[in-house]
Amino acid sequence: MNEDFLKPYDHSQEKDIYNTWEKSGFFNPENLTPSSSSRATHPFSIIMPPPNANGSLHVGHAVMVAVEDVMVRYWRMRGVPTLWLPGADHAGFETQVVFEKKLEKEGTSRFEILKQDGGREELYNQIKAFTLANKSHMEHQVRQLGASCDWSKETFTLDPKIIDTVYETFKKLYDDGLVYRDTRIVNWCTKHQTTLSDLEVKYEERVDPLYYVKYGPITLATVRLETKFGDTAIAVHPNDARYKNLIGKEIEVEAIAGKTKIKIITDEHVDPAFGTGAVKVTPAHDADDYAIWQRHKDEIGGPKEIIDQFGRMSLASYFADTADVMKYQGLKIAEARKQIAQDMQEKGLIEKVDTDYKHNVALCYKCGTVLEPRVLPQWFIDLTKEGNKKLVQPAINAVKNGSIKIVPEFQEKIFFHWMENIRDWNISRQIVWGIPIPAWHKGKEVYIGKNKPEEEGWTQETDVFDTWFSSGQWPTATLRAQSTSGHDLLEEFYPTNVMETGYDILFFWVARMIMLGIYMTGKIPFKTVYLHGLVRDKDKQKMSKSKGNVVDPMGIVEQYGADALRMALLVGNSPGQDASFDEAKVKGYRNFSNKLWNMARFVLTQPEISNDFLHVSDEDKKILERVREVKKEVAGNIEKYRFSQAGEVAYHYVWHEFADKIIEEKKKILLDKDINESEKESAQKVLYTLLLESLKMLHPFMPFVTEAIYQRLPHKNAKFLMVENWEE
RNA sequence: GGGCGUUUAGCUCAGUGGUAGAGCGUUUCAUUGACAUUGAAAAGGUCGCAGGUUCAAUCCCUGCAACGCCCACCA
């Protein structure tokens, strides 16, 4: 027996085991010898959600690796050609935000860098260096978790081949009329100086004063007093009797700077029950008002922009000669509002103030800054007109008709609900860290292409793509990028089997992959979507840096081993359901690793009985039959994505049946001098068989300790447990 | 305003149309031979509440309550 067994199991050997696996080449599907079983003709593939290369892995990544590795290792042992393609995401906006925080700590900002000549390139290069450093750090961590993915095919979202595909898709969308550039009201973050998609807006309920302002004969309620300088009309409901005589007229209004005139229009959208039933229309700074303006373009003036990109009053275009207004010039919104309220109070223009008015405020999901709606030219993907037919409906249909299954099933309802109410997607970002939108402008002309057109006068688009536009093409783009002349991976592995990710990015990512995947290839990108839940802390609180309750998975791996962490994250957790992280649970499974180690130690004290041993007792035959049943149960659960159940069945069998009962009974037989050799040999045969079967069924969950034991067996069928045949 | 999820042992959570499960915790006992990162045993749950379907419901249906989450252009 190997001397290592005289000591407790030492999980620090995980690193060495991983290295030998990786060097063996068995992570790569082309090095696997498919088994002869009929299942082996259908490959198994997973594209790993590429972690953001801007920091360390969090527990969510550990869940992702654990779940995907279970499937991949299981199917590999079934003799199926198995591809698990890893990647890394440049994560445009997210990474730029992380990088800017770093700059802030260093006492500078991106604007300092952008001021210099060639500042844009400089900033890009700095973020690139930062990202690449984090990328290799993160890849190392994915290895530590035991991910048996094919590193030779690792793909980065900024690889030239990925960008080529993204450009090709963009061109196709543009040619099909599914991409358009238009000036519309969009969400603008005054801190980050970029627009955000509707998904990147978080709403928070706040209490603000609601001012009842006198507009001549009308009083109307508003929170945003400061936008009054951008008013172009007042709207009332068409059936509102109170305003019957005023509709369509221009009324004269006493304002801060003397008298002005404003038109009364009607719009179905106005709720007569709110406030006074009259609403000021400020199309440049409010999405609702912009919508009203669009319906009344012919009657009223266009958007008057009176707040700038930094969230400061910018009144010179309309009020340069009016000192009473220009005194607010340059004030931040909140300050301007306060002063205007005060001034209007003094002039008797405010009828009353409702001080505890509750309403939802739109915030930047990253920094919490109040978003300022702005009217800007942006690139959009049409999802409401032609795009609804060509992008949205095919995706809905794929899930409705079962070509794509979402696990857990209830998430399908959530998916449908979002898809059926989807809006056009703003894919423009005004940041540097991202894939540039391949477009050129000359006056109103637009040219789509990577390279500048020959003729004079074209200027390059400066917006970059929303990261999700490129990652939304990930399954297709990666397989295409990694294909070689000998291996068309799209042909071999697309559609992939499973897309495993967190439910929090169902809309951001999964929905878009389905739409774009079908659009690009005519085929669904994956057959099953498995959505894991969020990992919260021990007290069910969301982990966050500010709360200081973030669990570092790598610290846990260091202390208890990746096997223990993986088991703790798998058992007791179900798809789509949040889980809480308890270190005590990890400790329990660390103990299990050692238990298994010692079980092996005991078995290996016994002589190994050759394969052609024929005198298995009837009782032992039952034991061997039973382990096959258990293994089938584990397999069935894995195939049905019930990883918690699968892990628990294996765990329970190995510890509480094999160890506690069978080993104890066989121990008695082996020590009893009155029992004949044949029966002892039968017991020894059983012990060796059960050990091997236990290692196999636990390997997808706890790859390291099972491999460590396998490598110390006197006779091995395969070079690695990782490529042992699951069956026999 | 819509939609979704959860409610099971002290805690964190799995699970099933037919005497209820795991991890941790608690109590008692055992132990120099595989393992104290151990073993044997025990306590502990009218499976949120109220109806219904069924021979049988924790599980299916209806309603309710509490908690949580997502979506939504009411100023």
Side-chain angles (χ1 to χ4, degrees), chain A residues 1 5-9 11 185 187 198-199 201-203 210-211 213 220-224 227 234-235 267 269-282 285-292 357 359-360 362 373 408 410-423 503-504 506-507 533-534 536-540 542 560-561 564 567-568 570-574 576-606 642-645 647-649 651-652 655-656 659-660 663-664 666-667 671 687:
Chain A
M1 184 184 69
F5 284 110
L6 299 177
K7 291 171 291 183
Y9 173 63
H11 65 258
I185 195 145
N187 314 298
D198 294 324
L199 274 179
V201 178
K202 290 291 158 246
Y203 290 91
L210 180 66
Y211 302 97
V213 190
L220 54 78
T222 182
V223 172
R224 300 205 59 189
T227 62
I234 290 175
D267 194 279
H269 200 72
V270 178
D271 176 4
F274 184 90
T276 61
V279 56
K280 65 193 210 59
V281 181
T282 319
H285 298 289
D286 184 282
D288 294 335
D289 294 2
Y290 186 80
I292 293 176
Y357 169 64
H359 66 143
N360 278 335
F410 75 78
Q411 292 281 354
E412 293 188 356
K413 282 184 247 174
I414 297 172
F415 171 81
F416 291 137
H417 184 259
W418 188 73
M419 291 292 280
E420 279 156 11
N421 295 288
I422 202 163
R423 295 156 66 183
Y503 69 76
D504 53 329
L506 176 63
F507 307 146
L534 268 52
R536 293 162 181 275
D537 77 359
K538 200 170 176 290
D539 305 313
K540 291 185 82 173
K542 217 168 180 175
Y560 302 103
M567 270 305 257
L570 287 166
V571 176
N573 290 338
S574 57
Q577 226 59 65
D578 290 352
S580 48
F581 184 85
D582 187 355
E583 197 172 321
K585 196 170 167 189
V586 184
K587 208 167 162 183
Y589 288 110
R590 187 272 318 262
N591 295 355
F592 180 51
S593 301
N594 191 55
K595 181 74 185 181
L596 189 62
W597 182 255
N598 281 295
M599 290 165 68
R601 171 179 170 177
F602 175 76
V603 173
L604 295 178
T605 58
Q606 300 299 316
R642 293 158 55 147
F643 307 113
S644 170
Q645 195 67 5
E648 193 176 320
V649 166
Y651 168 87
H652 198 264
W655 196 326
H656 300 300
D660 291 350
I663 289 185
E664 292 305 321
K666 297 305 172 196
K667 202 193 283 178
L671 293 173
L687 289 177

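Lettering follows sequence order; numbering is per chain, from 1.
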task: With sequence neighbours left out, write down each residue that passes side chain to side chain donor-acceptor pair (under 3.5 Å) with Asn360(A), or none if nothing qualifies.
output: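 Asn360(A): no side chain to side chain donor-acceptor pair (under 3.5 Å) contacts found.
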Report all interatomic pairs (protein N or O, nucleotide N or O of nucleotides 3-6 of chain B) with separations under 3.5 Å.
unit_1, atom_1, unit_2, atom_2, d
rG5(B), O2', Gln577(A), NE2, 2.6

With respect to the side chain of [X], which nucleotide from [options] is positioned closest?
{"X": "Lys202(A)", "options": "rA72(B), rC71(B), rA34(B)", "answer": "rC71(B)"}
{"X": "Glu648(A)", "options": "rA34(B), rG15(B), rA14(B)", "answer": "rA14(B)"}
{"X": "Trp418(A)", "options": "rA14(B), rA22(B), rC71(B)", "answer": "rC71(B)"}
{"X": "Ser580(A)", "options": "rC71(B), rU12(B), rG21(B)", "answer": "rU12(B)"}

Using atom [atom1] in both nucleotides, what's the gap between [N] and [M] to the nearest angstrom?
{"N": "rG2(B)", "M": "rG44(B)", "atom1": "P", "answer": "46 Å"}
{"N": "rU7(B)", "M": "rC64(B)", "atom1": "C1'", "answer": "13 Å"}
{"N": "rU46(B)", "M": "rU12(B)", "atom1": "C1'", "answer": "23 Å"}

field: N/O donor-acceptor pair under 3.5 Å between Arg224(A) side chain and His285(A) backbone
entry: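 Yes, the answer is positive, given that a donor and an acceptor are paired below the 3.5 Å cut-off.
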field: Residue met sooner reading RNA chain B from 5', once Asn573(A) and Lys585(A) are mapped to nucleotides
entry: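 Looking at the nearest nucleotide for each, Asn573(A) comes out on the 5' side.
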message: According to side-chain hydrogen bond (donor to acceptor under 3.5 Å, both in side chains), does anything in residues 270-281 of chain A pair up with another residue at least two apart or in another chain? List the pairs.
response: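 Listed once each, the pairs are Thr227(A)-Lys280(A), Asp231(A)-Lys280(A), Lys280(A)-Thr282(A).
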- request: Go through RNA chain B and write down every stem, that is, every run of at least three consecutive Watson-Crick or G-U wobble pairs with distances under 3.5 Å, as range with range.
  value: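 Stems for RNA chain B, defined as runs of 3 or more consecutive pairs: B:1-7 with B:65-71, B:10-13 with B:21-24, B:26-30 with B:38-42, B:48-52 with B:60-64.
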message: Using a 4.0 Å heavy-atom cut-off to protein, can you give one letter per nucleotide of nucleotides 61-68 of chain B, 5' to 3': B if the base is in contact, S if only the sugar-phosphate is, - if neither?
response: --------
- prompt: Are Tyr589(A) and Tyr651(A) close enough that their ring centres sit under 6.0 Å apart?
  reply: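 Aromatic pair counts; centres sit under 6.0 Å.
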message: Check the phosphate of rA34(B) against Lys667(A), side-chain N and O only, distance under 4.0 Å to OP1 or OP2. Yes or no?
response: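 The answer is yes; a side-chain N or O of Lys667(A) sits under 4.0 Å from OP1 or OP2.
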query: Reckon Tyr651(A) has a side-chain N or O less than 4.0 Å from the OP1 or OP2 of rG23(B)?
result: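 Tyr651(A) to rG23(B) OP1/OP2: side-chain N or O found under 4.0 Å.
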Heteroatom pairs (N/O) under 3.5 angstrom, protein to nucleotides 38-44 of chain B:
unit_1, atom_1, unit_2, atom_2, d
rU38(B), OP1, Asn591(A), ND2, 3.3
rU38(B), O3', Lys595(A), NZ, 3.3
rG39(B), OP1, Lys595(A), NZ, 3.3
rG39(B), OP1, Trp655(A), NE1, 2.3

